[in-house]
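To start, the structure under review is shown below, and the notes come after it.
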Amino acid sequence: MFFLKKTDVIIACAVLTASLTLAGFFYLEQPSAANPEEWPAFGHDVSNNKYSSLDLINTKNVSDLQVAWEHEEEQDNGSSVLFNPLIVNGSMYAFMPSEKLVALNAETGKKIWEFKPDSTDVSTWTRGVTYHHDAAQNKGYLLFVYGSTLYSIQAENGKLNAAFGEKGKVDFYTGLSVDASMRKAVHVTMNAPGVVYEDLFIVGCKVPDELPSTSGDIRAFNVNTGKLEWVFRVIPEKGEFGADTWPAGARKKNGGANCWGGMALDEDRGIVYVPTASPSFDFYGADREGQNLFANCLLALNAKTGKRIWHFQTTHHDLWDRDNGSPPNLLTVNHDGKSIDAVALATKLGYVFLFNRETGEPLFPIEEVPVPTKSDMPGEKPWPTQPFPTKPGPFARQGFKEEYITDVTPELNKYFKDQIKNNGYQTGIYEPPNLKGSVILPTAHGGSNWGGASLNPQTGVMFVNSIDLPWFLKLTEIKGLEADNHLSGEQLFRMYCGNCHGPDKKGTAYGPDISERARKLSAEKLDLFIKKGAEPMPSFQHLPQPQLDAIVSFLKGENIVSAPKDVAHKEPYGFSGYDFYKGPDDHFAIKPPYGTLNAIDLNKGEILWQVPLGEDEKLAGMGIKNSGSFNRGGGIATAGGLIFIAATVDGKIRAFDQKTGEVIWNKALPGNGFSIPSTYAIRGRQYITVGVSPEPAKKYRGGYVTYMLK
C-alpha cells in the first residue's frame, strides 16, 4: 500500500494516554519521535521529515475537518508568524506575533504561561524552538535564540533555567570571531532551532549577508550549563582543510557560510547534517576568490566533537544567494536493490541531492557542468563549473527562457521580450551578476526555501513546495547611491521598500503592514532594523545615512537626522533588492504556475507529480485558474495519505492526496499561514494546527488555528 494503516495502534495509545492527560500538562517526560501523539521537535523529529504516523485524519474523512480552537494574539501590530509549534505531553509551545513564547493547552488553546525575551537587540523571525528533557531532573527545557541571546527556559512554567549560562541566558556571540567594537555593525542571531545530541545543543546562526559580517560557525553548547563545547569554522583558519579555497585572511574580512535553515541529526551514528549559506557579500566575490568552502555545502559533522566527516558543495563561489536554506531529510531508500540510509537536500535551484548518509557518496551521479565565466565586474572570477545531479530532474524551471514569458496579453508578452532584448539582460541560471541587470530563475527565494521538504519514510517519497517566479537582480555602485540623497523619504521608501510593504506601508502579499508598528519603534531601533534586515528582508546598511534617515523620518512621521556613522569593510557594490520581475499593473513576467507542490520518488530519482500550489487572485479575476502562487513555509506528510500545507499568499490551508496531488480539502485562514503546520493526538482525536500571521485589513492580530474532525 502507499501508506501504512496504524489506526488500531493509535487508538490503543490514545486510550492509554488519556488517563495521563491532566497530569501531562505539568509532568514532563522524555518525548519520543516514535510517539505519534506528539510533535516534539521542529519538523516533528531530528530526521526533519515533517512526517507523522497518525492516520485518524485520512483521505476518506479529511473533508470533515473543522476548527477545534483558535488562539489569537492579544495586542495589535505584531510580527509575522513563521513558527512550527511543538506539542509535548498535552502542551503546545508557540511563538506569538508579540514575540512572546507561550504554552497552550493543546486540547483547548487556553494559555498556560508566557515568556517575553528581554534581549534589547533587534530580533529576526523565529521559526522554532528546541525541546530538551533532562532525565536526571525529569524536567523539560526549551532552548531558543532571540536577538543575540540564547535562552533556556523551563517547559513546565516558562521561567528561566537558572543553571544555564548566566541565570538562563548565554551571549550568542560566544565562540564567534566578532570583536566587541563590531557588535553593533555585525548582528548575530538565529531563526531556526538547533538539535540536541546527548548533552550538546548544536546550533547554527544568522549573520549579515552584506559586509561587515563574520564567519557563521557551527557551535555546540552544553545543554545543561550553556558552556561552549566545540566550534566548526565554516571559513577555515590558515592550515585547516579548505583554507586554500579562500584568499588569505578571509575569516577577518569575509563572512557568511552559516547555517540558518535548520539541520538534521542521525542519533545512532552521532552525525549532524548541516546545510550552509552563501558567503557575504552574496552577489560580488572579487574579495573572496576561490571555491569558498564551506559555504553552500551540506556538511556531515561528528556531533560529539564537531569534526568534519564529509561535505558536498552545491554551488561553488556563490554569486546568486543560493543558500542551502532547507533543512536536510534523513531516510532509508531502496537503491539498486539495496537498502541505504540516505540524506536528501532540496535546494533553491530546484534540485534534490541524495547521498549515502555515512560516506557522502552520491546515490545518483552528479556532473560538474561548465558555466559562463565572463564577468563585467572588476576582479570577479566566477567558478568554471557547477554541480548538477543527473537524477531526480529539477522541480523548478531552469533559466528565464523566452517560452516562459507571460502571454496573459500580447502586449505584456512583447513588453518583457523588448525589455530583455533592449537592455541586454542575462537570463541563465549561472550568468554572473552585473551592473546592467539579470533576470534570475530560480531565485534567492527558491525553488525550495526554508520550509524545506516533507517525506513519507514508508514510501521514500518527498513532497516539496517550490516558487517559480523570476527576480530582477542588478548590482549598483555604492558610491553612486549618493546621487539619490536629494530624494524624499517617501520616494526612497517606494524605491526600496514599497514592493514588499506597499507604497502606503499597509503591506502586500509578500510583506507585512508596518504603518503603525514602525511608528512605535524608536528611531534608533528602526534605523538598526533597516540596516540589519530580517529574513526575507535584506539589509540596507549599504544605503547612505541621509537616505536611511529620510526613510526613518517617513516611517515615523517626524524629522530624523543621525550623526555620521562609519562602517568598516563596506563592499564597493550593493544590489537592487529581492524584487520579482514584474511589468505594468504588477503582472509577473512568467507564465503560471507561480508555485508548485512536487512529489519525488527518492528510490528511483523520479518526479511522480507536480501540481500548482495556491491561486493568484489577479489571474483568477481574469478567469485563469490553477495559477499557483508565491509560497513561504512548508508542508507536513501523514500516514493518512495526506500533505497539509498553508504557505501560500492566498491565505488558505490545503490537504493534498499523496498519491495524486489532488487538493481534497481547503479552508481560508484569517491571515497568511507562512509556517509549517503540526499534527498531534489527544484522547483519540487528531489535530492539525498552523501559525497565522496578522492581517490588519481583517482586524486579525495573528495566532494559531487548530482543526479536528467533526
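Side chains included, hydrogens not; waters and symmetry mates left out as well; all remaining heavy atoms used.
Atom CD of Glu166 is surrounded by 12 or fewer heavy atoms from other residues, nucleotides or ligands within 6.0 Å.
For Glu240 (side chain) and Ile235 (main-chain N/O), no donor-acceptor pair under 3.5 Å exists by modelled atom type. Remark: side-chain polar atoms of Asn296 are not paired, donor with acceptor, to backbone N or O of Thr276 under 3.5 angstrom.
Checked against side chain to side chain contact (heavy atoms under 4.5 Å, CB included), Ser47 has the following partners two or more places apart in sequence or in another chain: Asp45, Asn49, Leu330. Taking Asp318 as the reference, nothing meets the salt bridge (Lys or Arg N to Asp or Glu O under 4.0 Å) condition, with sequence neighbours excluded. Taking Lys304 as the reference, Glu198, Asp199 meet the salt bridge (Lys or Arg N to Asp or Glu O under 4.0 Å) condition, with sequence neighbours excluded. Residues satisfying the side-chain hydrogen bond (donor to acceptor under 3.5 Å, both in side chains) criterion with Asn84, sequence neighbours excluded, are Trp39, Ser678. For Ser280, the side chain to side chain contact (heavy atoms under 4.5 Å, CB included) partners are Leu211, Ser213, not counting sequence neighbours. Looking at residues two or more places apart in sequence or on another chain, you find a ring pair (Phe, Tyr, Trp, His ring centres under 6.0 Å) between Phe144 and Tyr151. When the salt bridge (Lys or Arg N to Asp or Glu O under 4.0 Å) test is applied to Glu358, the partners found at least two apart in sequence or on another chain are Arg269. Lys238 meets the side chain to side chain contact (heavy atoms under 4.5 Å, CB included) test with no other residue; sequence neighbours excluded. Asp171 meets the salt bridge (Lys or Arg N to Asp or Glu O under 4.0 Å) test with Arg183; sequence neighbours excluded. With sequence neighbours left out, the side chain to side chain contact (heavy atoms under 4.5 Å, CB included) criterion links Ala243 to Pro236.
Using modelled atom types, one finds a donor on one side chain and an acceptor on the other under 3.5 Å when comparing Asn161 with Ser152. Donor-acceptor pairing under 3.5 Å is recorded for the side chains of Tyr578 and Asp321.
Within the 4.5 Å cutoff, the side chain of Lys348 has heavy atoms near those of the Asn449 side chain. Using a 4.5 Å cut-off on side-chain heavy atoms (C-beta onward), Asn356 and Asp341 make no contact. Within the 4.5 Å cutoff, no side-chain heavy atoms of Leu143 are placed close to those of Val129. Between Glu74 and Lys111, the closest side-chain pair of non-hydrogen atoms falls below 4.5 Å. Using a 4.5 Å cut-off on side-chain heavy atoms (C-beta onward), Gln291 and His317 make no contact. Looking at heavy atoms from C-beta onward, Arg357 lies in side-chain contact with Asp266 at the 4.5 angstrom threshold. By the 4.5 Å heavy-atom criterion applied to side chains, Leu293 and Gln313 are counted as neighbours. Annotation: side chain of Glu107 is in contact with side chain of Tyr687 (closest heavy-atom distance under 4.5 Å).
Evaluation of the side chain to side chain donor-acceptor pair (under 3.5 Å) test over residues 241-250, restricted to residues two or more places apart or in two chains, returns none. Listed by first and then second residue, the ring pair (Phe, Tyr, Trp, His ring centres under 6.0 Å) pairs that reach into residues 287-310 are Phe232-Phe294, Phe294-His311, Trp310-Phe355, sequence neighbours excluded.
Looking at Arg251, Arg233, Glu237 one by one, the single match for side-chain hydrogen bond (donor to acceptor under 3.5 Å, both in side chains) with Ser215 turns out to be Arg251. When each of Thr347, Thr314, Thr315 is paired with Asn324, the side-chain hydrogen bond (donor to acceptor under 3.5 Å, both in side chains) condition holds for Thr314 and for no other.
Between Phe312 and Phe353, the distance separating the two ring centers is shorter than 6.0 angstrom.
The pair Lys253-Asp287 does not count as a salt bridge, with every side-chain nitrogen at least 4.0 angstrom from each carboxylate oxygen.
The minimum heavy-atom distance linking Phe164 with Asn222 is given by the pair CE1-O, 3.5 Å.
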